[in-house]
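Just so it is clear, the structure is predicted and the values come from calculations on it, not from any experiment.
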Amino acid sequence: MPDGILNREGRTDMSNPAAEKAILLTDDDSSDTAIRAFRIEIPQAEIDDLRFRLRRTRWPRELSGVGWKRGVPLGYLIELAEYWRTSYDWREHEAGINRFPQYTTVIDGAPVHFLHVRSMAPDATPLMLIHGWPGSIVEFLDTIGPLTDPPADASKRSQAFHLVIPSIPGHGFSGPLTAPGWTHGRIAKAFTELMAQLGYERYGVQGGDAGAIIAPEMARLDPTHVIGVHVNALVTPPCGDPAEMAGLTAAEQERMARYQRFREDMAAYLHLQSTRPQTLAYGLTDSPAGQLAWIVEKFKEWSDPAARFAEDIAHTDRILTNVSLYWFTRTAGSSANRYYEALHDPTAWAPKVRSRVPTGVLVSQTQDVTIRCLAERDHNVVHWSEFERGGHFFALEQPQQFAADVREFFRRVRGN
């Protein structure tokens with residue numbers, strides 16, 4: 001197959017070298033804004049090219065004895081890249097994603113790709129799950145079963161969900177973007193429009209990382225349709241009033257210190273993506289080893305440190321599937337642009353009206369910086385849970401606990 005993307009007539013279009021390598025399966029010739037069935041089929045030439053590039057990687061030298069203090073260690077990345085090249089089976093994981101119904105549409109001029117998995121339960125609640133960076137729809141794959149088909153216990157049958165799991169515009173198969181301006185607020189509006197297109201009058205939203213920004217914004221935009229918001233990896237920065245810091249518990253003081261350490265020592269990626277995403281894109285789009293290092297560092301640093309998450313083979317394959325989506329879709333740059341939009345969006349930094357929509361907050365005690373009084377300042381918090389195990393990527397790290405907490409929150413919201 002030539003190196004290109006199949007257009008709607010089945011011909012190969014070579015005019016867009018940055019287009020995702022996937023085949024769009026369409027049932028008719030309806031307009032772009034129609035919802036179209038979608039299936040991932042990365043051309044074999046792209047997989048071969050990935051392996052070729054990995055084999056030809058020019059590795060840098062490193063200082064001895066520094067470990068992870070200055071970034072991903074050379075030996076660690078060489079071993080992981082070799083596993084990606086020789087042992088990881090993209091086709092197996094591609095087929096795993098394709099088990100779930102997928103669709104694309106165009107909203108506000110941008111492509112939006114999403115999984116839409118309906119429960120067999122007749123009274124299931126529609127629920128959107130929103131990933132962050134450097135995550136993707138892969139974060140939620142192991143939660144789909146527990147959420148659409150909860151335990152057979154009769155008391156749990158009413159806690160099933162119809163799931164809508166979109167790729168954020170500019171990420172994965174919702175990209176690359178071709179125009180600026182995709183702020184978190186604009187993404188939130190697009191996602192409320194997607195739920196309306198799907199015919200969902202009342203629905204819930206869950207999000208972590210960027211999803212924990214977008215999901216509450218959806219509730220502010222559309223409170224008559226959003227019945228509840230569940231978030232994890234929520235960031236709750238102080239407003240600067242010393243009174244906010246009075247009375248913090250020891251655990252909350254540690255979270256505030258963690259937040260300050262992140263801003264001072266670990267936010268180099270955030271600054272670069274917020275200021276020079278296009279320059280960064282050249283290296284990450286051309287070098288799979290570079291793209292791998294850029295993403296795996298965050299999985300290593302932000303996962304539960306006691307779990308050796310990134311070293312477990314099952315989880316390693318999930319991480320590599322996630323990295324592969326960024327690589328094959330060439331969305332390193334367009335996903336980084338979301339940070340640029342956030343930094344340069346005046347509305348992102350303006351005070352927001354406190355949301356009236358019921359909100360549930362899941363907190364990782366090992367990684368999160370969420371402080372309850374600050375969360376309650378901005379959100380109508382009716383559910384709060386803290387977990388000793390699991391980190392920033394909670395749905396991926398602890399899918400069963402994640403699903404159980406989501407079910408419990410929406411049980412409270414629905415009153416059943």
Side-chain angles (χ1 to χ4, degrees), residues 25 27 35-40 93 95-105 112-131 135-168 173 191-208 211 214-215 218-219 222 224-232 318 357-360 362 382-383 385 394-416:
L25 303 181
D27 297 324
I35 293 175
R36 299 168 175 269
F38 182 91
R39 182 177 178 83
I40 304 171
H93 296 282
I97 300 174
N98 283 337
R99 288 175 43 231
F100 303 109
Q102 298 171 74
Y103 303 89
T104 61
T105 188
V112 177
H113 161 261
F114 60 99
L115 277 62
H116 189 193
V117 187
R118 292 182 60 84
S119 172
M120 296 294 290
D123 56 349
T125 299
L127 175 65
M128 176 176 281
L129 305 177
I130 307 174
H131 66 83
S136 69
I137 58 171
V138 172
E139 290 184 63
F140 298 113
L141 294 180
D142 293 327
T143 72
I144 291 175
L147 288 173
T148 58
D149 185 23
D153 181 347
S155 66
K156 301 289 196 301
R157 296 308 299 171
S158 63
Q159 297 177 29
F161 298 91
H162 301 311
L163 296 181
V164 179
I165 309 175
S167 299
I168 293 176
F173 295 109
F191 284 171
T192 62
E193 291 180 13
L194 174 60
M195 295 302 276
Q197 277 189 262
L198 295 173
Y200 291 134
E201 290 292 327
R202 300 281 286 163
Y203 60 91
V205 190
Q206 199 289 327
I214 297 166
M218 290 175 67
D222 199 17
T224 60
H225 296 104
V226 177
I227 64 171
V229 171
H230 182 280
V231 293
N232 66 289
R318 282 287 192 237
V357 174
T359 301
L362 183 160
V382 300
H383 172 86
S385 56
F394 202 90
L396 187 61
E397 297 176 60
Q398 299 289 339
Q400 294 292 338
Q401 290 189 39
F402 172 87
D405 198 68
V406 169
R407 287 199 304 267
E408 175 60 20
F409 166 67
F410 282 101
R411 183 194 65 79
R412 293 186 180 187
V413 169
R414 292 184 304 243
N416 62 355

**Q** For Thr359, check side chain to side chain donor-acceptor pair (under 3.5 Å) against everything at least two apart and list the hits.
**A** none
**Q** So, for Phe409 and Val382, which heavy atoms are closest and what is the spacing to 0.1 Å?
**A**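 Shortest heavy-atom contact: CE1-CG2, 3.7 Å.
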**Q** Can you list everything that forms a side chain to side chain donor-acceptor pair (under 3.5 Å) with Ser167? Sequence neighbours excluded, please.
**A** His113
**Q** Please determine which of Val406, Val205, Val164, Leu147 meets the side-chain contact (heavy atoms from CB on, under 4.5 Å) test together with Leu129.
**A** Leu147
**Q** His116: which residues meet the ring pair (Phe, Tyr, Trp, His ring centres under 6.0 Å) condition with it, sequence neighbours left out?
**A**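 Residues passing ring pair (Phe, Tyr, Trp, His ring centres under 6.0 Å) with His116: Tyr200.
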**Q** Answer with yes or no whether the side chains of Arg414 and Thr125 bring together a donor and an acceptor at under 3.5 Å.
**A** yes
**Q** With sequence neighbours excluded, tell me which residues meet side chain to side chain donor-acceptor pair (under 3.5 Å) with Glu139.
**A** none
**Q** Assess, by modelled atom type and distance only, whether the side chains of Gln400 and Asp142 contain a donor and an acceptor separated by less than 3.5 Å.
**A**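 No, no side-chain donor-acceptor contact under 3.5 Å.
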**Q** Is there a donor-acceptor pair closer than 3.5 Å between any side-chain N or O of Thr148 and the backbone N or O of Ser119?
**A** no
**Q** Minimum heavy-atom separation for Arg202 to Thr224, with atom names?
**A**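 So the minimum-distance heavy-atom pair works out to NH1-O, 2.6 Å.
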**Q** Counting N and O atoms only, with roles assigned by atom type, does the side chain of Asp222 sit under 3.5 Å from a partner on the main chain of Thr192, one being a donor and the other an acceptor?
**A** no
**Q** Strictly by modelled atom types, are Gln102 and Asn98 linked by a side-chain donor-acceptor pair under 3.5 Å?
**A**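 Checked: Gln102/Asn98 side chains pair up, N/O donor to acceptor below 3.5 Å.
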**Q** Apply ring pair (Phe, Tyr, Trp, His ring centres under 6.0 Å) to Phe114 and list each qualifying residue two or more places apart in sequence or on a separate chain.
**A** Tyr103
**Q** Ring pair (Phe, Tyr, Trp, His ring centres under 6.0 Å) with His225: which residues, sequence neighbours excluded?
**A** none
**Q** Which heavy atom in Thr143 sits nearest to a heavy atom in Pro399, and how many Å separate them?
**A**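 Heavy atoms only, the tightest pair is CG2-CB, 3.8 Å.
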**Q** How far does CZ of Arg412 sit from CZ of Phe410, to the nearest 0.5 angstrom?
**A** 13.0 Å
